[in-house]
Amino acid sequence: LDCALHVLDEREIDILWKRYRDGMTLDQAGAAHGITRERARQIEREAKSKLREAHHARLAIFLEA
């Protein structure tokens with residue numbers, strides 16, 4: 001979670017929060033930000049990709065130590 005705060009911007013965090021904590025649909029999460037469902041999906045996908053990359057980078061540093 002700490003990593004997410006440094007890697008993601010506020011909108012990405014909020015969309016993921018709305019989707020996975022609050023159980024909102026992409027339509028609902030997008031509407032809360034004044035964007036389309038498709039744009040919310042793109043932001044969600046990009047945010048998840050950033051989290052994966054950050055996780056892999058941290059794992060690589062751990063394995064090198």
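Heavy-atom basis, side chains included; hydrogens, waters and symmetry copies ignored. Numbering starts at 1 and runs along the sequence shown. Just so you know, these numbers come straight off a predicted model, no measurement behind them.
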May I ask you to decide if Met24's main-chain N or O and Asp22's side chain share a donor-acceptor pair within less than 3.5 Å?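 Such a contact is absent between Asp22 side chain and Met24 backbone.
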
- Is there a donor-acceptor pair under 3.5 Å between the side chain of Glu53 and the backbone N or O of Lys50? no

### Query
Within a reach of under 6.0 Å around CZ of Arg39, are more than 12 heavy atoms found that belong to other residues, nucleotides or ligands?
yes

Please determine whether the number of non-hydrogen atoms from other residues, nucleotides or ligands lying under 6.0 Å from atom CD of Glu10 exceeds 12.
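Open.
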
| field | Evaluation steps, salt bridge (charged side-chain N to carboxylate O under 4.0 Å, His left out), between Glu44 and Arg41 | value | CA-CA 5 Å; Glu44 178 185 37; Arg41 186 192 63 75; over 6 Å; no

Correct closest heavy-atom pair for Leu8 and Ala47 would be CD2-O, 3.6 Å

Would you say Tyr20 ends up clustered with Ile13 if hydrophobic residues are merged whenever their side chains have heavy atoms under 4.5 Å apart, either directly or through other cluster members?
yes

Self-check item: Shared hydrophobic cluster, Ile35 / Leu26 (ILVMFWY, side-chain heavy atoms < 4.5 Å)
Solution: no

* Step by step, would you call Lys18 with His33 a side chain to side chain contact (heavy atoms under 4.5 Å, CB included)? -> CA-CA 11 Å; Lys18 285 177 176 13; His33 286 272; 4.2 Å; yes

Checklist entry - Could you give the distance from CD1 (Ile43) to CZ (Arg19), rounded to the nearest 0.5 Å? => result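 CZ of Arg19 is found 12.5 Å from CD1 of Ile43.
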
- Measure the CD1-CD distance between Ile15 and Gln42 for me, rounded to the nearest 0.5 Å.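 Answer for the CD1-CD pair, Ile15 versus Gln42, is 10.5 Å.
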
